[in-house]
Amino acid sequence: ITDDDAVNPSAGTVDDTFGARLGANGPVYAVEFNTAGQAYVAGDFTLVNGGLINRIARLNFDGTLDQGFNPGSGAASNVWAVAVRSDGTILLGGDFASVNGVDRAGVAVLNTDGSVSQIFNPGSGANSTVFAVDELSDGTFLIGGSFTSYRGVAAGGLIRLNPNGTVFTNFNVGTGVAGTVRAIAETSTGQLLVGGDFSAFNGNTLFSKIVRLNTDGSVDPSFTPGTSADRAVLDLAQQPDGKIVVVGDFIRYGGLSKNGIVRLRPDGTLDDTFATGTGANGAVRAVARRAAGQLLIVGDFTT
């Protein structure tokens with residue numbers, strides 16, 4: 001989808017100029033664009049558009065497989081998250097133990113040609129799946145998932161890393177989440193939105209599956225989502241006005257019937273002016289805000 005679709009009367013129809021008709025032979029879990037308009041697709045596939053490539057690929061603007069991106073044997077298992085960094089390199093998260101034969105447990109950085117970055121070295125890495133990755137505005141990384149340690153350091157599903165893969169020490173989440181982190185988003189003020197399927201944060205019981213953290217990892221008490229999703233939050237996106245779009249596989253939010261998508265005010269309370277009717281009839285797995293202001297959602301739904 002392109003920003004031209006905002007004024008195109010045929011917006012939402014299949015783009016016949018996009019040549020990825022053979023698609024992937026397995027699930028695609030994440031998509032991210034670089035500044036050139038190419039798309040990184042990640043998941044659990046071994047073929048994309050007829051080309052052999054394992055779990056991470058780059059597509060040209062027309063949908064063809066970019067032969068200039070060669071990850072070799074690729075990721076050894078699922079890639080759940082991908083983020084394009086400010087320098088063009090690619091941050092991956094998943095449940096893989098290696099990428100192109102190089103030990104990279106759960107998290108890796110690839111160069112723009114697909115080779116594994118030697119600058120970023122996670123050491124022993126994460127001891128379980130990384131579901132969410134993001135580069136923060138200061139160049140550090142935030143990763144979230146179901147892991148309990150990273151490089152031998154206790155990490156309750158959430159940890160901040162330096163660009164070289166070592167632990168960023170001025171970020172302390174204590175015992176972290178009781179459960180799994182599935183979504184991360186940095187706010188315009190530098191705070192961090194964290195969503196997933198968890199019941200507590202740093203030993204404190206939460207009645208919501210979303211929390212906002214200060215830059216040092218402490219909980220922001222001014223963010224009060226109350227009793228929120230009855231099932232997992234899978235993605236988050238902040239609008240320019242500070243409001244937050246939350247998607248997932250939840251059926252109820254704040255005790256109300258809200259299938260898969262809601263919007264919160266900046267303080268975490270439910271924005272009842274955002275009316276999606278009966279919502280989606282299946283999980284909403286990702287949301288992206290377009291330049292024209294519309295929201296693009298993808299997931300398991302059919303209506």
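For this chain, numbers begin at 1 and follow the sequence in order.
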- Message: Between Arg85 and Asp87, is the salt bridge (Lys or Arg N to Asp or Glu O under 4.0 Å) condition met? List the steps.
- Response: CA-CA 5 Å; Arg85 298 175 58 209; Asp87 64 359; 3.8 Å; yes
- Please determine which of Thr180, Val181, Leu234 meets the side-chain contact (heavy atoms from CB on, under 4.5 Å) test together with Phe131. Thr180
- Note on the structure: One should read off an interatomic distance between Leu161 CG and Leu142 CG, to the nearest 0.5 angstrom, of 8.0 Å
- Note on the structure: Heavy-atom closest pair (Phe171 atom, Thr215 atom, distance to 0.1 Å) is CD1-O, 3.3 Å
- Task: Mind listing the closest non-hydrogen atom pair of Ala75 and Arg55 along with its distance?
- Result: O-NH1, 2.8 Å
- Would you check, one step at a time, whether the test side-chain hydrogen bond (donor to acceptor under 3.5 Å, both in side chains) holds for Thr46 with Asn25? CA-CA 7 Å; Thr46 56; Asn25 69 337; 2.9 Å; yes
- Can you tell me how far the OG1 atom of Thr140 sits from the CG atom of Asp138, to the nearest 0.5 Å? 3.5 Å
- Are Asn49 and Thr64 linked by a side-chain donor-acceptor pair shorter than 3.5 Å? no
- Are side-chain heavy atoms of Asp95 and Trp80 found at a separation under 4.5 Å? yes
- Does CG belonging to Asn127 count more than 12 external heavy atoms closer than 6.0 Å? yes
- Message: Could you report the tightest heavy-atom contact between Thr112 and Tyr40, atom names first, then the distance?
- Response: O-OH, 4.4 Å
- Message: Between Asn281 (side chain only) and Thr302 (backbone N and O only), is there a donor and an acceptor less than 3.5 Å apart?
- Response: yes
- Considering non-hydrogen atoms only, spot the tightest contact between Asn214 and Val219 and give its length. ND2-O, 3.7 Å
- Task: Indicate yes or no: at least one non-hydrogen side-chain atom of Val173 is less than 4.5 angstrom from one of Val194.
- Result: no
- Message: For Phe250 and Tyr253, I'd like to know if the aromatic rings sit close, meaning centre-to-centre distance below 6.0 Å.
- Response: yes
- Item | Side-chain donor or acceptor of Arg212 paired with backbone N/O of Pro266 under 3.5 Å | yes
- Message: I'd like to know if the side chain of Asn202 and the backbone of Thr175 have a donor-acceptor N/O pair within less than 3.5 Å.
- Response: yes
- Message: Does Ile119, at its CD1 atom, have more than 12 non-hydrogen atoms belonging to other residues, nucleotides or ligands within less than 6.0 Å?
- Response: no
- Determine the minimum heavy-atom distance between Glu186 and Glu135, stating which atoms define it. OE1-O, 4.3 Å
- Is it true that a side-chain atom of Asp249 and a backbone atom of Ala232 form a donor plus acceptor pair closer than 3.5 Å? yes
- Below 4.0 angstrom, N of the basic side chain to O of the carboxylate: do Arg285 and Asp300 qualify? yes
- Query: Looking just at side-chain N and O atoms, do Thr224 and Asp267 make a donor-acceptor pair shorter than 3.5 Å?
  - Reply: no
- Query: For the side chain of Asn172 and the backbone of Gly217, is there at least one donor-acceptor N/O pair under 3.5 Å apart?
  - Reply: no
- Determine, stepwise, if the pair Ser73 / Asn54 fulfils side-chain hydrogen bond (donor to acceptor under 3.5 Å, both in side chains). CA-CA 6 Å; Ser73 58; Asn54 289 323; 5.9 Å; no
- Nearest 0.5 Å, what's the CZ-CD1 distance between Phe274 and Ile261? 4.0 Å
- Measure across Thr129 and Phe147 and return the closest heavy-atom pair with its distance rounded to 0.1 Å. O-CD2, 3.6 Å
- Task: Report the distance from atom CG of Leu236 to atom CD1 of Ile244, rounding to the nearest 0.5 Å.
- Result: 7.5 Å
- Cationic N near anionic O, under 4.0 Å, Arg265 to Asp272: yes
- Query: Any sub-3.5 Å donor-acceptor pair from Asp235's side-chain atoms to Val287's backbone N or O?
  - Reply: yes
- Message: Is it the case that the side chain of Asp134 and the backbone of Leu136 share a donor-acceptor pair, with hydrogens and angles ignored and the cut-off at 3.5 Å?
- Response: no
